[in-house]
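Report on the structure given below.
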Amino acid sequence: MSAPESRFVKACKAQPVDRTPVWFMRQAGRYMSEYRAVRKQYSLIEICKKPAVAADVTITAAEALGVDAAIIFADLLLPLEVMGLDFHFSAGEGPVIERPVRTEEDVARLRTDRAADLGYVSEAVRLVCKHFGPRLPVIGFCGAPFTLASYMIEGGGSRNYVHAKKMMYSAPVAWDELMRKLVAVVSEYAAEQVRAGADVIQIFDSWVGCLSVEDYRRYVLPQTTKLVQELQKADVPVIYFGTDSATLLPSMRETGAEVIGLDWRIPLDEGWRRLGHECAVQGNLDPVLLFADWKELKLRAEDILRRAAGRPGHIFNLGHGILPETPVENVKALARFVQEHSARVSAR
Ligand code: CP3
C-alpha cells in the first residue's frame with residue numbers, strides 16, 4: 001500500500017473522512033487530448049505493455065483532473081493472452097478474441113501458469129506509486145470471472161450472451177472449470193499489483209447485469225466470492241463493480257467486497273439501502289450527464305451527494321466509464337464541485 005491514510009482508502013473502509021473522495025472509471029482515455037497524443041504513437045496494447053508509458057498516462061490523467069485516486073492504465077482483457085487466447089481491438093467493433101472458447105476441450109487448453117507474464121502491469125503500478133508516494137492512492141484492477149468468461153466465450157462484446165449462457169446451462173462442469181481457472185490467474189495478477197503498491201483493487205463485472213439472480217447465485221457468486229477472498233488475503237479493500245445490477249446487489253454484497261460500485265439506473269440511497277449501510281458504495285452519476293450543461297450536471301451531482309447524506313463510505317464516481325467525446329472541462333469541474341461541496345457540508 002502506498003497511501004493507506006488517504007481519504008479514498010479510508011472511505012473504502014467506511015471510515016469517516018473530511019470530504020467525499022472522487023475519481024472516474026476510464027479517467028484516462030480518448031476524451032483527453034493528452035491520451036490521444038500518446039495513442040498516435042502507440043496502440044492501446046503497446047501502452048499497456050510499456051510500464052513507463054502506462055504510468056505516464058495514469059499520472060497525467062489523475063493530475064489533470066485533480067481526482068482523489070489514480071487507476072492504473074491497463075485493459076481488462078490482458079489476462080486472456082497469458083491464458084492462451086489472442087485478441088485484438090478492431091476499430092468500431094471493440095475487442096475481438098480470435099478463437100473463442102466454446103467446448104470443454106477449449107477450457108482444458110487454457111493455461112493458468114503464466115500470470116507472472118503480466119508483470120508489466122505491476123511494474124507500471126510500481127512507477128505510479130513511486131511518483132505519488134502517500135499523496136495519492138493507486139487503484140489496481142482486474143476483470144471479474146463472469147465478465148472475462150463472457151468475452152472469452154462470445155469472442156467480443158455481446159448483446160444476449162447466448163454462447164456464455166449456453167455453456168453455463170448445458171456444460172456446467174466446463175463453465176465451473178473456466179471460472180476456476182480465471183480466478184486462479186486473476187487473483188495472482190491482482191495480488192502482484194498489490195505487492196507493487198496498489199492501495200485498492202477494483203473488480204470490474206461490467207456485464208453481470210445480464211444474469212437473473214438465480215443464475216448469478218448458482219454460476220457466478222461462488223467463484224467471485226473466492227476471488228474477493230483471495231484479494232483480501234493481500235490486505236487491501238476490494239471494490240466490486242457491475243452495471244444493470246439493481247436486482248443483484250444483495251447477492252453481490254455476499255462476496256464480502258468492502259465497496260460495491262453502483263450504476264446510475266438505481267438511486268444511490270436505494271442501492272445503499274439494499275446493500276446495507278455497513279458496506280461502502282461507489283457511484284453513481286450517469287456518464288452521459290457529462291454532456292449536459294453545467295447547471296444540470298451540478299444539480300445531479302448534488303443530488304447524489306444528498307442521497308449519500310454524509311454517511312461514511314461513499315466514493316463519488318460515475319455509474320460507468322467516461323465516454324469518448326466527453327468534454328474534459330466538465331469532468332474537471334465535476335471533480336472540483338464534489339470536493340468543494342462535500343467539504344462544505346462536512347464542515348457544517
Ligand atoms: O479507467 C481507466 O482510466 C483505466 C483504463 C482502463 C481501460 N480499460 C483502458 C482502455 C480500464 C479500467 C479498462 C477496463 C475495461 N476494458 C473494461 C471494464 C470497464 C468497463 O468500462 O466496464 C472492459 C469491458 C474492457 C474491454 C475493452 N477495452 C473495451 C470494451 C474497449 C472499448 C473498445 C473501443 O474501441 O471503444 C476497450 C478499449 C480501451 N481500454 C480503451 C481504453 C482507454 C479505449 C481507447 C483506446 O482504444 O485507446
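For ligands, and for the atoms within them, numbers begin at 1 and follow the listed sequence.
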For Ser206, the ligand 1 atoms with a heavy-atom partner under 4.0 Å come out as 18 (C), 19 (C), 20 (C), 22 (O)

State whether the shortest distance between N or O atoms of Arg39 and N or O atoms of ligand 1 falls below 3.5 angstrom.
yes

Answer with yes or no whether the side chains of Tyr169 and Asp215 bring together a donor and an acceptor at under 3.5 Å.
yes

Indicate the ring-plane relationship of Phe337 and His341, choosing parallel, tilted or perpendicular according to the 30° and 60° boundaries.
parallel

Which is closest to atom 34 (C) of ligand 1 in terms of heavy atoms, Arg30, Gln202, Gln27, Glu93?
Arg30

Need the ligand 1 atom indices (1-based, order shown) with element for anything under 4.0 Å from a heavy-atom of Phe73.
5 (C), 9 (C), 43 (C)

Just which atoms of ligand 1 are under 4.0 Å from any heavy atom in Ile72?
4 (C)

Give me the nearest non-hydrogen protein atom to atom 17 (C) of ligand 1 as residue plus atom name, then the distance to 0.1 Å.
Leu76 CD2, 3.5 Å

Atoms in ligand 1 flagged as close to Tyr35, the criterion being non-hydrogen separation under 4.0 Å:
43 (C), 45 (C), 46 (C), 48 (O)

Between the side chains of Glu93 and His88, is a donor N or O closer than 3.5 angstrom to an acceptor N or O?
no

Residue and atom name of the nearest protein heavy atom (relative to atom 37 (C) of ligand 1), distance in Å to one decimal:
Phe89 CE2, 3.3 Å

Does a donor on one side chain and an acceptor on the other come within less than 3.5 Å for Asp68 and Gln339?
yes

Can you find a side-chain donor-acceptor pair between Glu329 and Trp294 that sits under 3.5 Å?
no

Which residue and heavy atom of the protein sit nearest atom 39 (C) of ligand 1, plus the separation
Leu44 CD2, 3.5 Å

Where ligand 1 meets Gly94 - atom numbers and elements under 4.0 angstrom, heavy-atom basis:
33 (C)

Output all residues satisfying ring pair (Phe, Tyr, Trp, His ring centres under 6.0 Å) with Phe204, sequence neighbours left out; order by chain, then residue number.
Phe141, Phe241

Is Gly157 close enough to touch ligand 1? Criterion: a residue heavy atom under 4.0 Å from a ligand atom.
no

Does any part of the side chain of Met25, heavy atoms only, come nearer than 4.5 Å to the side chain of Gln202, both counted from C-beta?
yes

Distance to 0.1 Å, residue and atom name: give those for the protein heavy atom nearest to atom 8 (N) of ligand 1.
Asp75 OD1, 3.2 Å

If you scan protein heavy atoms around atom 11 (C) of ligand 1, the nearest is Phe141 CZ, 3.6 Å

Side chain to side chain donor-acceptor pair (under 3.5 Å) partners for Arg30, two or more places apart
none

Starting from atom 19 (C) of ligand 1, which protein heavy atom do you reach first, and at what distance in Å?
Phe204 CD2, 3.4 Å

Is it true that Ala28 lies under 4.0 Å from ligand 1, counting heavy atoms only?
yes

Report yes if the distance between the aromatic ring centroids of Phe316 and Phe24 is under 6.0 Å, otherwise no.
no

Measuring from non-hydrogen atoms of Ala74 to any atom of ligand 1, is the shortest distance under 4.0 Å?
yes

Whether the Gln41 and Glu46 side chains hold a donor-acceptor pair (N or O, under 3.5 Å, no angle test) is what I'd like checked.
no

Answer yes or no for atom 32 (C) of ligand 1: protein heavy atom present at a distance under 4.0 Å?
no

Ring centers of Trp207, His320 separated by less than 6.0 Å
yes

Distance under 4.0 Å to a non-hydrogen atom of Tyr151: what atoms of ligand 1 satisfy this?
24 (C), 30 (C)

Considering Met25, His320, Arg26 one by one, which has a heavy atom nearer to atom 13 (C) of ligand 1 than any of the others?
Arg26

Asn317 side chain to Val22 backbone, donor-acceptor under 3.5 Å:
no

